[in-house]
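Worksheet: one structure, shown below.
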Amino acid sequence: MFLNQLYNHRKTLSFRLTLWYALIFTLTSLLALSIFYYRISRITMENTDDELMEEFYEFAGIMDHEGRGELMAEFELEILEEAEESVFFRLISPDGEILKSSDMKDFSGVTVSVDALAALQNNKEYVIETISLPGHEYSVQAIYGTISPDIIFNMGMSLEDNYEYLSTFRNLIFMLMIPLFFIAAFIGWFLARHALKGVEEVTQTAIEISKGAIDKRVEVKRRLFEIDRLANTFNGMLDRIQSLIKGMREMNDNVAHDLRSPLTRIRGIAEMTLMGKESIEDYNEMAASTIEECDKLIEIINTMMDITETEAGVSPFKSEKLDIVELILSACELFDPIAKEKEVQLVTVLPDRLFLQGDKSKLQRLITNLLENAIKYNRHGGTVTISVNTDNHHVNIRVEDTGLGIAEEELSHIFERFYRCDRSRSLAGIGLGLSLAKAIAKAFNGDIRVQSVLDQGSSFQVILPA
Ligand code: ADP
């Protein structure tokens, strides 16, 4: 049952993190304990060597201070005292003859080391050797030391105690590894759960949203930085999706409402012409009106698409170096005939050049929309002034006219789709130009502001980051 659950969880991130944490923790602990074990084994061996050297110096001291007779007596005594211990003592002549020896029955096979005697001949004070005895489980540590020109002290100790002590220590380390692995796994599991709790909450929210709770958001609780960042990004994405859905709904409503009128008009014209059975001129007129209404429909659909794409950021937004002054001058040139027809004077207050980074055709569209409105909603003989100025952070494009002006209560609505002020309904237009201009300004990370006084004129200010 437990194993089944474990198997099912094998591909989860928390399982992997737990496993990795447990493995790394256990292996690191094993490495640290191994280094510790190595140090302990070295110290144990050094202690044995120290013990051997201590005995050697003791006998050398007796020989120096009290003479050969006392040395032999002390040697006999030592043999008796240490009879029960796993040690042996021998006195050897420089050519290897054993002068005196303790009972060697536990150390059968220990011969006199020719190498050690040779080293002593070469003026070495003492030599320590580790001897492995065939048939014996444990090695022997032995010292050879010159205590007088004709006597060499030789003592050996079985390393059995050392080995047993170290083997107990080794077993303890391996036994420790098992609980250590499980403790590490538990800590790893706890940490992974804690870290992934936020991810789980994001997933839960996503599940609830997919079931229809579109207003649901992940709570940002000042947890781990990455998790809060994920929650914030996820919430931001949801806000964006929600506003796109809202935009699409609005567009559906607008399309349903505003496309119906031209279509109804087309149908009405066709119906009247058919019922009247009029002349060829009437049919021509019907065709002309139909084309006009169709053009309006196409313009509405295209502008709606442009607004939606610009707002959603799906239409490619180029980043090119553009000269605003050049752009404004060519827009003025384009609208000059219309302005002349209405006797509107176009005035420009521009620097020589002013460069900006962005999408040229989109900014062109923004400026022409404002310029077209300033001429269209102007009075005969009026003026339109386009000026540009810049500070370190912003570029301000101002389009001012001396026309109809906009009533205060209508100012907040003019950027809405299809909104047209009462006094301008008689003039041609579809009410989408300013919505598109605003969407473009936002795409530039800028904005449009308006000030207006009825019957005196309006001033539209486009603020773009420099
Ligand atoms: P359209 O001009 O096609 O009607 P717009 O979105 O460009 O659509 O403008 C929306 C409305 O804002 C216009 O119908 C008009 O009533 C008002 N408006 C825009 N520009 C001006 C202006 N310069 N002067 C007076 N009214 C304006």
Side-chain angles (χ1 to χ4, degrees), residues 239-240 243-244 246-248 250-251 254-255 258 298-335 338 348 350 354-377 384-391 393-401 406 411-421 424 429-452 458-466:
D239 288 345
R240 181 122 181 83
S243 84
L244 286 178
K246 191 171 157 245
M248 271 165 62
E250 272 176 23
M251 184 170 150
N254 291 336
V255 166
D258 287 271
I298 291 166
E299 192 191 346
I300 289 177
I301 291 167
N302 285 343
T303 317
M304 283 294 289
M305 296 273 289
D306 285 344
I307 295 173
T308 314
E309 284 180 5
T310 308
E311 279 178 352
V314 289
S315 64
F317 191 85
K318 286 188 213 138
S319 176
E320 55 200 325
K321 193 178 173 191
L322 55 94
D323 182 0
I324 300 184
V325 175
E326 187 192 311
L327 225 129
I328 291 172
L329 288 176
S330 62
C332 288
E333 210 176 297
L334 191 75
F335 280 95
I338 304 171
T348 53
L350 303 169
L354 184 58
F355 291 101
L356 198 77
Q357 203 69 21
D359 192 312
K360 190 173 172 183
S361 64
K362 289 215 158 58
L363 190 61
Q364 208 161 23
R365 191 90 186 263
L366 189 162
I367 289 168
T368 50
N369 279 0
L370 295 182
L371 191 57
E372 187 184 0
N373 282 351
I375 299 170
K376 184 165 65 176
Y377 301 116
V384 173
T385 311
I386 309 182
S387 58
V388 174
N389 62 58
T390 177
D391 56 37
H393 306 289
H394 298 105
V395 171
N396 298 306
I397 307 168
R398 210 180 274 275
V399 182
E400 291 165 292
D401 65 66
I406 302 161
L411 271 179
S412 56
H413 298 292
I414 57 169
F415 293 102
E416 290 169 12
R417 287 171 204 178
F418 295 107
Y419 187 84
R420 307 202 69 209
C421 299
S424 50
I430 54 172
L432 289 175
L434 285 182
S435 304
L436 180 59
K438 184 99 169 175
I440 293 172
K442 293 269 180 204
F444 268 85
N445 288 323
D447 204 2
I448 302 185
R449 291 180 196 157
V450 58
Q451 286 174 320
S452 188
S458 312
S459 166
F460 285 82
Q461 185 191 2
V462 184
I463 306 158
L464 303 176

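Reckoned from all heavy atoms, side chains included, excluding hydrogens, waters and symmetry mates.
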* Structure fact -> Nearest heavy-atom contact between Val384 and Ala374 is CG2-O, 3.7 Å
* Asked: Under 3.5 Å, side chain of Asn369 to main-chain N/O of Leu434, donor-acceptor pair present?
  -> no
* Structure fact -> Scanning both residues in full, the closest heavy-atom pair of Asp391 with Ala466 reads O-CB, 4.4 Å
* Test Leu370 against Ile397 for side chain to side chain contact (heavy atoms under 4.5 Å, CB included), laying out the working first. => CA-CA 10 Å; Leu370 295 182; Ile397 307 168; over 6 Å; no
* Structure fact -> Lys442 meets the salt bridge (charged side-chain N to carboxylate O under 4.0 Å, His left out) criterion, sequence neighbours left out, with Asp447
* **ring-ring contact (aromatic ring centres under 6.0 Å, His included) involving His394 - partner list, sequence neighbours excluded** => none
* To do: Begin with the C-alpha distance, continue with both residues' side-chain angles, and end with the deciding distance and a verdict on side chain to side chain contact (heavy atoms under 4.5 Å, CB included) for Leu327 and Asp323.
  => CA-CA 6 Å; Leu327 225 129; Asp323 182 0; over 6 Å; no
* Look up atom OG in Ser458 and atom CG in Asn373, then write down how far apart they are to the nearest 0.5 Å. => 9.0 Å
* Structure fact -> To the nearest 0.5 Å, atom NE2 of His393 lies from atom CG of Leu464 at 15.0 Å
* Asked: What is the minimum heavy-atom distance between Phe418 and Ile430, and which atoms define it?
  -> CD2-O, 3.4 Å
* **side-chain contact (heavy atoms from CB on, under 4.5 Å) partners for Glu333, two or more places apart** => none
* Would you please name every residue forming a side-chain hydrogen bond (donor to acceptor under 3.5 Å, both in side chains) with Gln451, sequence neighbours left out? => none
* Audit row: Val388, Val325, side chain to side chain contact (heavy atoms under 4.5 Å, CB included) steps and yes/no -> CA-CA 8 Å; Val388 174; Val325 175; 5.6 Å; no
* Asked: What is the distance from atom CD1 of Ile386 to atom CG of Leu371, rounded to the nearest 0.5 Å?
  -> 4.5 Å
* What's the shortest heavy-atom distance between Gly429 and Lys376, and which atoms? -> CA-NZ, 3.9 Å
* To do: Could you tell me whether a side-chain N or O of Asn396 sits under 3.5 Å from a main-chain N or O of Ile463, the two making a donor and an acceptor?
  => no
* Straight-line distance of Arg420 CZ to Leu432 CG, nearest 0.5 Å -> 10.0 Å
* To do: Might you work through the side chain to side chain contact (heavy atoms under 4.5 Å, CB included) test for Phe460 and Ile448, ending with a clear yes or no?
  => CA-CA 7 Å; Phe460 285 82; Ile448 302 185; 4.3 Å; yes
* Asked: With sequence neighbours excluded, what pairs up with Gln357 under the side-chain hydrogen bond (donor to acceptor under 3.5 Å, both in side chains) test?
  -> none
* Asked: Under 4.5 Å between any side-chain heavy atoms of Asp401 and Val399, yes or no?
  -> no
* Identify, with sequence neighbours excluded, every residue that meets side-chain hydrogen bond (donor to acceptor under 3.5 Å, both in side chains) alongside Ser459. => none
* Non-hydrogen atoms of Lys360 and Glu320 that approach each other most closely -> N-OE2, 3.0 Å
* Structure fact -> Separation between CG (Leu366) and CG (Asp359), nearest 0.5 Å, reads 11.5 Å
* Asked: Of the non-hydrogen atoms in Ala439 and Thr310, which two are nearest, and what is the gap between them?
  -> O-CG2, 3.6 Å
* Structure fact -> In this structure, CG of Leu436 is separated from OG1 of Thr308 (nearest 0.5 Å) by 10.0 Å
* **Under 3.5 Å: donor-acceptor pair, side chain of Ser319, backbone of Gly358** => no
* Heavy-atom check, side chain of Ile406 versus side chain of His413, under 4.5 Å -> no
